[in-house]
Every structure is written in C-alpha cells, then in structure tokens.
Amino acid sequence: MTNAEIAEVFEHIAEILEIKGENPFKIRAYLNASAVISRLGENLSDIITEGENLNIPGIGKDLHLKIKELVETGSLAYYDELLKSVPDGLFELLKIRGLGPKKARLLYENFNIKSAADLENALKLGKLKDIHGFGEKSIENLKKSVEEFNIFKTRFLYPDALNQALMLEYYLKNTPQKIIYDIQTAGSLRRKMETVGDIDIVLSVAAGKESQFFDRLFKYPEILRTESSGETKISIILKSGMRVDLRVVPHEDFVYAFHHFTGSKMHNEELRSLEKANGYKINEYGIFRRNKDDDYDSDIAENVTNKIKVKDEKEFYGIFGMQYIPPELREGTGELDAALNGGIPVLIEEKDLRGVFHIHSTYTDGKESMEAMIEECIKLGYEYIGISDHSVSARYANGLSADELESQIEYIGRLNKKYADKIKIFKGVESDILPDGSLDYDDKTLSKLDFVIASVHSNFNMTESLMTERIVKAIKNPYTTMVGHLTGRLLLERKEYPLNIGRILDCASEYKTVIELNANPKRLDIDWRHIKSALSKNVMLSINPDAHKTEGIRFVNYGVGIARKGWAKKSDILNTRIASEVYNILRSIRDFKKEKSGKK
C-alpha cells in the first residue's frame with residue numbers, strides 16, 4: 001500500500017468522524033497524520049516490510065499500529081467498522097461543492113438526507129431555509145452545486161475512461177486462439193476529450209469465431225450488467241459505472257466504421273454535407289460514389305459496384321482531396337477547409353518535449369522529494385526540470401516563507417552542481433495571485449528565481465471583470481513568467497471562474513507571458529477551445545504536469561493531447577526547446593517586462 005493510499009484512508013476516517021460528531025482532537029489527529037504521510041519521502045511499506053520501527057514525528061502510537069495493519073493486511077478493521085456506521089450516500093454528499101462533513105451531518109440529522117437525490121428533493125421543497133447555516137445565498141449556491149453534480153456524475157475523466165477501455169481491449173485480444181481481427185477505441189476517447197460520457201469500441205471478429213467472441217465478452221469480470229446485445233452492437237455497463245458500446249463490423253468495413261464512430265457528430269455531418277454535393281455518400285458502411293447516369297437529387301445507392309475501397313483513414317480523406325485529419329481535430333472547428341487547402345499543421349507529439357515545469361516537492365505539498373522528482377525526469381530523458389513549490393500565501397499547501405524559498409534556491413544551486421552532466425534544474429515558485437493581482441513575495445525575492453508561475457488559488461467568486469483584472473495585473477508583473485491553470489477549473493468537480501479570456505490572451509501577448517497548459521487530468525487548463533485563439537495572438541504555451549509525485553510527471557501526455565486539440569505545433573510550446581534556449585526565453589520575458597514597465 002502506497003503512502004498516498006494510507007493518507008487517503010486516514011483522511012476518509014477524519015471525514016466519517018466529523019460526520020458522526022466525534023472529538024475534534026481525534027479528527028485533527030487523523031487529518032494531521034494524513035498530511036504528514038502524504039509528504040513523507042520514505043515509503044512506509046518498505047520500512048515495515050524491512051522490519052524497521054516506525055517513528056514518524058507528529059503521529060502517535062495508535063496510528064502507527066493502524067499504518068502497520070494497513071501495510072501488512074491491505075485493510076483496517078477500524079476503518080471498515082466506521083464505514084458500516086454511516087449511510088453510503090453521505091459520502092456522495094461530500095462530493096457536492098459547498099458541503100463539508102459538518103453540514104452533511106446537519107442535513108442527515110434534521111431531514112434524513114443521505115444522498116444527492118435526497119438533497120435535491122429537499123431543496124425543491126424548500127426544507128433548508130429555516131436551518132442555521134443555510135442562508136438564502138448558500139441555498140442558491142447549493143442548488144447550482146447539485147445541478148453540477150448531476151451533470152458531472154454521468155461523465156468520467158479521460159485517463160479513467162482510457163484505462164477502462166484498454167483493459168477491455170486487452171482482455172478481448174489476449175486469448176489462446178485469435179478471436180479478434182481488429183479492435184480500436186473510437187469516440188470522444190480517441191479524440192482525447194477531457195471528459196468522456198461513454199466508451200466506443202469498434203472491432204471485427206475473426207471468421208467463424210463469433211460465438212467464441214460473445215462467450216469471451218460476457219465473461220469479462222468487470223461487467224455489471226448487459227444493456228443490449230445484438231449481432232452488430234452490444235452495450236454493457238461496467239462496475240465502474242461506465243457504459244461501453246461495442247460495434248462489431250466486417251473486417252473489410254473496419255476503416256469506415258472506425259472513422260464514423262470516432263466522430264465528432266459535427267465533423268461527420270459537415271463532411272457528409274460537403275461530399276454529398278460532390279457525388280459521394282459517406283457512412284459507417286463505406287464511401288459510395290454516385291453513378292454517372294444517376295439523377296443528382298436521387299439517393300446514392302450502397303452496393304459493391306460504387307463502393308470505394310480504402311485501406312486506412314489517410315486514404316479515406318485522400319478520396320476527397322484532403323490531408324489526413326488527426327482525430328483530435330475532428331470537432332467541426334474548420335478542419336475540413338484546412339484539410340482541403342493544406343492547412344492541417346504537424347501537431348506536437350510527446351517526444352517533442354525536452355523538459356518540464358511546475359514540479360512540486362516535499363518542501364510544500366509534494367509527495368516525493370526534490371531529488372526523487374529530478375531522478376525521475378532524468379530517467380524519462382528530460383534535459384531540464386522546473387521546481388515550483390507553493391508560495392507563502394498557500395498555507396493549505398505549506399507554502400514557503402521568503403526565507404524558506406531562499407533556502408530552497410540555495411539547495412537547488414547545490415543540486416545543479418550534483419546533476420551538472422545530467423539535467424538542468426530551473427529555480428521557480430508557484431506564486432499565488434492575491435485578490436488585488438499582486439504576487440506574494442517582494443521583487444528582491446522573486447529576482448532570485450529563474451521563473452515564476454502565477455496562479456489563482458483563492459477568492460474564486462469574484463466578478464468576471466474583477467477576476468480578469470486580477471490576472472491581468474499579475475501578467476504585467478515583470479517577474480511573472482507564466483500563468484498557471486488559467487480558469488481554475490477542476491474537471492467534474494468545480495467549474496471555471498468567470499473570465500474574459502480574450503482580454504487575458506491579449507495581455508499575455510502584449511507582455512510576452514507564457515500561458516500554462518496544466519496537464520493534470522483534473523485540470524487540462526487552458527481549455528483546448530481557447531488554444532487556437534492564443535496561438536493566433538502569438539502566445540506561447542508550456543505543457544506542465546503540475547506533478548506532486550513522480551508518476552504525475554507523466555501527466556504531460558494528457559497535456560499533449562489537449563495541445564493537439566488546440567492545433568498546437570512543436571514551435572508553439574516552450575518546453576520543446578533545449579535548456580539553453582529556454583533559459584534565454586525566461587530571461588528575455590523578464591527583461592522585456594522590466595523595460596516596458598520602466599523597472600530596469
């Protein structure tokens with residue numbers, strides 16, 4: 001069991017204890033233990049497995065024994081008993097923005113509300129208006145939160161859906177006898193949408209193996225239930241709650257079906273409309289050409305004589321005189337016109353990245369040491385890494401005081417000597433943008449850094465104009481190198497705060513400030529829908545993992561997918577450049593701003 005998993009159990013215990021109204025000191029002990037464990041550099045499982053005694057400052061003997069039980073058995077009897085003591089639905093309530101354990105307990109004790117559906121009904125009936133702590137404004141906010149929750153719960157984050165799809169694909173492909181001829185994930189997953197409603201899989205079955213395929217599929221242990229089952233379409237619900245639609249097609253029709261079910265609907269409709277005028281009919285069964293003698297207004301027949309054979313999607317688009325359109329671009333945003341006119345760019349690929357920024361460590365809320373993060377980047381072949389722990393205002397994340405930041409800067413200097421022949425370490429910080437738009441260190445402290453990521457972490461409820469001006473002021477600061485997670489959204493958890501994106505991009509362009517593409521799958525922010533606009537204004541992006549542990553560094557892959565959806569090329573991304581060029585760009589941004597503001 002990992003440190004993160006142990007920390008999560010303790011945090012969950014604290015939530016249950018708070019719901020039950022237990023001793024605040026006991027609750028605090030579990031929360032403190034969770035925070036301490038999440039920041040440990042050492043792996044607790046390794047320590048216990050090797051027979052060493054646990055001695056974690058700030059954690060008492062009782063919790064040490066519970067850690068030992070978790071590591072040795074994979075479960076905790078005390079936690080299991082606690083789970084039985086509260087209704088399951090109460091945990092669902094905690095996922096609703098604006099509801100913490102105390103309010104969830106209040107709702108349960110007063111109205112027996114133990115699920116999101118119960119809460120929605122109580123809000124409709126106006127039951128909450130007389131309860132202390134639920135004023136008119138908070139009730140309105142709660143109604144919005146319930147609406148968001150009902151939307152969010154039907155969708156899944158991209159990596160969660162991808163993992164489910166890959167597991168099912170692997171299960172169907174890996175059989176003693178070859179049952180599957182072709183199998184590919186299509187739909188919004190293939191287009192790398194940030195959230196996914198369901199999984200679309202297109203497959204063709206080896207000749208004569210149809211019954212074996214169905215037997216194999218319905219024995220998949222992750223199936224919760226089967227919604228429908230036909231010869232060409234099967235719909236199943238997985239235990240994760242995710243819906244999977246499997247389309248079974250003849251091998252010779254695989255390319256057409258794969259293209260069709262990749263979508264998007266808008267892309268397919270525009271393509272069909274465009275090519276119908278040119279005498280073609282396109283659907284999941286093929287591309288069909290109108291015969292010379294057919295009337296223009298008559299429907300185009302679907303038969304072998306007028307069906308155009310293609311071996312892949314490159315040939316598919318080539319039939320219409322188009323460049324190949326990568327799946328990420330198939331959203332009905334001008335890709336067809338671009339493909340007809342040679343305007344589809346060579347999109348960025350993960351292999352183009354030379355380094356990463358926005359890396360946290362145990363100096364603040366990171367889960368692994370700075371050395372561990374550096375070593376992982378070396379292992380991944382990166383030429384540089386940008387360390388950016390949280391700033392002093394981020395008390396929730398153990399933000400660094402000015403003295404602590406200077407100590408970290410000095411330590412990075414020593415690490416640069418240690419790793420001189422392996423990797424360049426850039427000295428940075430993720431500085432909070434305060435409500436008035438200022439950063440939370442003085443210029444003298446900021447001047448000692450190579451880069452500064454300025455991010456909003458508080459006061460999300462500002463008006464659009466105030467929030468926009470807040471970020472604009474931060475962009476104009478000579479020491480702001482890039483703006484982090486621009487809209488503050490947490491996918492399926494929290495909507496973006498209101499912003500005038502156009503004004504911010506204009507300002508970033510004017511002040512040569514980089515906009516982060518935060519690759520954490522819960523953020524994927526800047527939204528891909530704004531990337532094309534940013535690039536048109538010559539705003540440079542940086543694909544940053546916002547990594548708090550080594551495995552998080554690989555989040556850049558998700559960021560690359562979003563950058564591709566925004567039509568980004570290698571040259572549009574800061575961290576595709578070599579270390580020396582990046583260093584020069586970072587310095588030039590600061591120098592340009594200083595000159596522009598008169599601070600030389």
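For the 3.5 Å distance criterion, the side chains of Thr364 and Asn398 fail to qualify, holding no donor opposite an acceptor. Side chains of Asp432 and His390: a donor-acceptor N/O pair is absent below 3.5 angstrom, by distance only. For the residue pair His548 / Asp365, a side-chain donor-acceptor distance below 3.5 Å is found, with atom types taken as modelled. With no hydrogens or angles considered, a side-chain donor-acceptor pair links Ser391 and Asp440 at under 3.5 Å. The closest side-chain donor-acceptor pair between Asp436 and Ser438 falls under 3.5 angstrom. For the residue pair Asn518 and Asp525, no side-chain donor N or O sits within less than 3.5 Å of a side-chain acceptor on the partner.
For the pair Lys192 and Glu328, the salt-bridge criterion is met [side-chain N within less than 4.0 Å of a carboxylate O]. A salt bridge links Glu510 to Lys596: one of the charged nitrogens lies within less than 4.0 Å of a carboxylate oxygen. A salt bridge links Asp506 with Lys537: the distance from a Lys NZ or Arg NE/NH1/NH2 to an Asp or Glu carboxylate oxygen falls below 4.0 Å. Between Glu406 and Lys448, at least one side-chain N (NZ, or NE/NH1/NH2) sits under 4.0 Å from a carboxylate O, which counts as a salt bridge. Taking a cutoff of 4.0 Å between a charged side-chain nitrogen and a carboxylate oxygen, Arg489 and Glu194 qualify as a salt bridge. Between Asp442 and Lys444 there is no salt bridge, since none of the side-chain N atoms of the basic residue sits less than 4.0 Å from a carboxylate O of the acidic one. Note on Arg190 versus Glu313: salt bridge recorded, some NZ/NE/NH1/NH2 to OD/OE distance being below 4.0 Å.
Ring centers of His457 and His485: under 6.0 Å apart, within the cut-off.
Pairs of residues two or more places apart, or lying in two chains, that qualify as salt bridge (Lys or Arg N to Asp or Glu O under 4.0 Å) and include a residue from residues 372-389 are Arg354-Glu383, Glu376-Lys379, Glu376-Arg554. For the salt bridge (Lys or Arg N to Asp or Glu O under 4.0 Å) condition, the pairs that include at least one residue of residues 413-422, sequence neighbours left out, are Glu410-Arg414. Among residues at least two apart or in separate chains, ring-ring contact (aromatic ring centres under 6.0 Å, His included) pairs with a member in residues 400-436 are Phe357-Phe426, Tyr384-Phe426. Pairs of residues two or more places apart, or lying in two chains, that qualify as salt bridge (Lys or Arg N to Asp or Glu O under 4.0 Å) and include a residue from residues 569-578 are Lys569-Asp572, Arg577-Glu581. For the ring-ring contact (aromatic ring centres under 6.0 Å, His included) condition, the pairs that include at least one residue of residues 490-532, sequence neighbours left out, are Phe460-Tyr497.
In the displayed structure, Lys424 atom NZ is contacted under 6.0 Å by more than 12 heavy atoms of other residues, nucleotides or ligands.
When each of Ile199, Thr185, Asp198 is checked for a side chain to side chain contact (heavy atoms under 4.5 Å, CB included) with Val244, only Ile199 meets the rule. Exactly one of Leu574, Ile562, Ile531 qualifies for a side chain to side chain contact (heavy atoms under 4.5 Å, CB included) with Leu541. That residue is Ile531.
With sequence neighbours excluded, the residues forming a salt bridge (charged side-chain N to carboxylate O under 4.0 Å, His left out) with Lys427 are Asp450, listed by chain and number.
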